[in-house]
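Please read the structure below before turning to the comments.
Each ligand, and each atom within it, is numbered from 1 in the order the structure gives. In this text the structure is predicted, and so the values were computed from the model without any measurement.
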Amino acid sequence: MIVVIGGGPAGFFAAITAREAQPDIPVLLLEKHQNVLRKVLVSGGGRCNVTHNCHDPRELIKQYPRGGRELNGAFHRFGPGDTMSWFEDQGVPLKAEPDGRIFPTSDSSTNIVEALQTAAYNLGVQVRTRCGVKSLNFDPLTHEFHLELDDGSALSCAKVMIATGGQTSGGLHGGFALAAGLGHTIENPVPSLFTFKSQDPLLYGLAGLAAPKVTIKAKGQDLPTKGLVETGPVLVTHWGLSGPAILRLSAWGARALAEAEYRFNLNVNWCPDVSRVDLDNQLINWAESNGRKQISHGPELGIPRRLWEAILDKVHIPKDRKWAELGKKSRNALLEALTASNLSVYGKTANKEEFVTCGGVRLKEVDFKTMESRVQPGLFFAGEVLDIDGITGGFNFQGCWTTGYLAGMGMVQK
Ligand SMILES: Cc1cc2nc3c(=O)[nH]c(=O)nc-3n(C[C@H](O)[C@H](O)[C@H](O)COP(=O)(O)OP(=O)(O)OC[C@H]3O[C@@H](n4cnc5c(N)ncnc54)[C@H](O)[C@@H]3O)c2cc1C
């Protein structure tokens, strides 16, 4: 018998794959909560961003701050195209949004949950809920795994898979403790995909403002000097900053930002498409040809008007001052604020409650052809319990479908 611990997308997909490939081997899936697939149900704001319309593994792996290298071969074996075919074969039509995210055409995650549950049921996967696994041991004499369940009962099996997801609350517990107990190393788990808290005066009154293209750089004495840079849309919120560029920076910098306790400076270039010299020339030319106009009426720099006014406030230039009266000192201050505003960040908040875990079972200790442990034969892993995480866009679920598929095949191969 194969036991799968964890009724999330990775556990379900592995159990389904194993039964599909080898219907003679019983598969038991244990879930500690009353309901399975809870995250799938709430995912993508209830729509479930099931994967991403990217079919080149070399491109796909660039979306994984951790695990990309290891997933390269895995995506050749089971990629987004395979995921899409699988769900469509289950009667769930999918659609691609212009940015590449794939959703069920119904825009309802319920269809994804039902497809997984129906497939598992039809293939004879036994699903037991309210059945948490408290401990997991291997007996070298019988070559069996022994599981102790939360209700005190026990069971044994020849192969076991840990698909218990991520967790970032202090200490090693849950699936991480089960894996560590069998000799695995756990990369310290910290959150990824979060937004930044900032009360910088520049942001006062700007909540709701979207800057379409901004370059942001995280700086601080505890942070690496290179690498923590992103360019893209940024959204000002009531608590600080959000938007795609912020989420990407939070993912790529997850570990470094955690070590800095989420206190750092965010250097913002609001006009990343123009060099500083060209921007200075634009300001000079604009001042010369619009000398009698007020400074609140600025050149077209591609930034929202409210932001322009906030930047003028930041550098103490009265909005009713005329362009002809803008001295070199003020122009330099304006230039500095446009290209290198320093905003202080003092914490993080969840992105619409959607977050993933950076950290987990060390990848070197897992064979990515089968997802079998290199430390304890017969033990398999899939999903977020591994030190794998992607940016937003359906990449996290794709990681689960891919590793779940490989683990499902791996468990029935030998
Ligand atoms: C609000 C939200 C929205 C999201 N939206 C998206 C999205 O649209 N697209 C995307 O790609 N990603 C999204 N994600 C990320 C995605 O949900 C996760 O990456 C994914 O669910 C991980 O799957 P998993 O199977 O590894 O773990 P999980 O989904 O966490 O499932 C693990 C299961 O194991 C169970 N378990 C844990 N310990 C035990 C134990 N000891 N015994 C028995 N059972 C146990 C848990 O109860 C849980 O049901 C979202 C995440 C959140 C929080």
Within-shell test, Gly175 vs ligand 1, heavy atom, strictly < 4.0 Å: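 Under 4.0 Å: no for Gly175.
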Parallel, tilted or perpendicular, as decided by the 30° and 60° cut-offs, for the rings of Phe13 and Tyr405: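 Rings of Tyr405 and Phe13: tilted, as their planes differ by 30° to 60°.
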Geometric class of the Phe264/Phe196 ring pair [parallel <30°, tilted 30-60°, perpendicular >60°]: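 Perpendicular, since the angle between the ring planes exceeds 60°.
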Note: [X]-[Y] ion pair, threshold 4.0 Å (strictly below):
| X | Y | result |
| --- | --- | --- |
| Glu259 | Arg255 | no |
| Arg306 | Glu309 | no |
| Lys134 | Asp150 | no |
| Glu336 | Arg331 | no |

[X], portion touching ligand 1 at heavy-atom distance under 4.0 Å:
| X | answer |
| --- | --- |
| Arg38 | side chain |
| Ile5 | side chain |
| Cys400 | side chain |

Proximal candidate to atom 27 (O) of ligand 1 [heavy atom criterion; set Gly165, Gly132, Cys131]: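 Among Gly165, Gly132, Cys131, the closest heavy atom to atom 27 (O) of ligand 1 belongs to Gly165.
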Option set Lys32, Glu384, Glu31, criterion heavy-atom distance to atom 26 (O) of ligand 1, minimum: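 Selected option, by shortest heavy-atom distance: Glu384.
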Contact (N/O only, under 3.5 Å) between Val133 and ligand 1: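 Yes; at least one N/O pair falls below 3.5 Å.
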Ala10 N/O under 3.5 Å from ligand 1 N/O: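 Checking ligand 1 against Ala10, an N or O pair does fall under 3.5 Å apart.
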Arg263, CZ: over 12 other non-hydrogen atoms inside 6.0 angstrom: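 Not buried by this count: 12 neighbours or fewer within 6.0 Å.
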Under 4.0 Å to a heavy atom of Gly6 - the qualifying atoms of ligand 1, by number: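 Within the 4.0 Å cut-off of Gly6, ligand 1 contributes 33 (C), 34 (O), 35 (C), 44 (N).
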Distance filter under 4.0 Å to Val356 heavy atoms, resulting ligand 1 atoms: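 So the answer, numbered in order with elements, is 15 (C), 19 (O).
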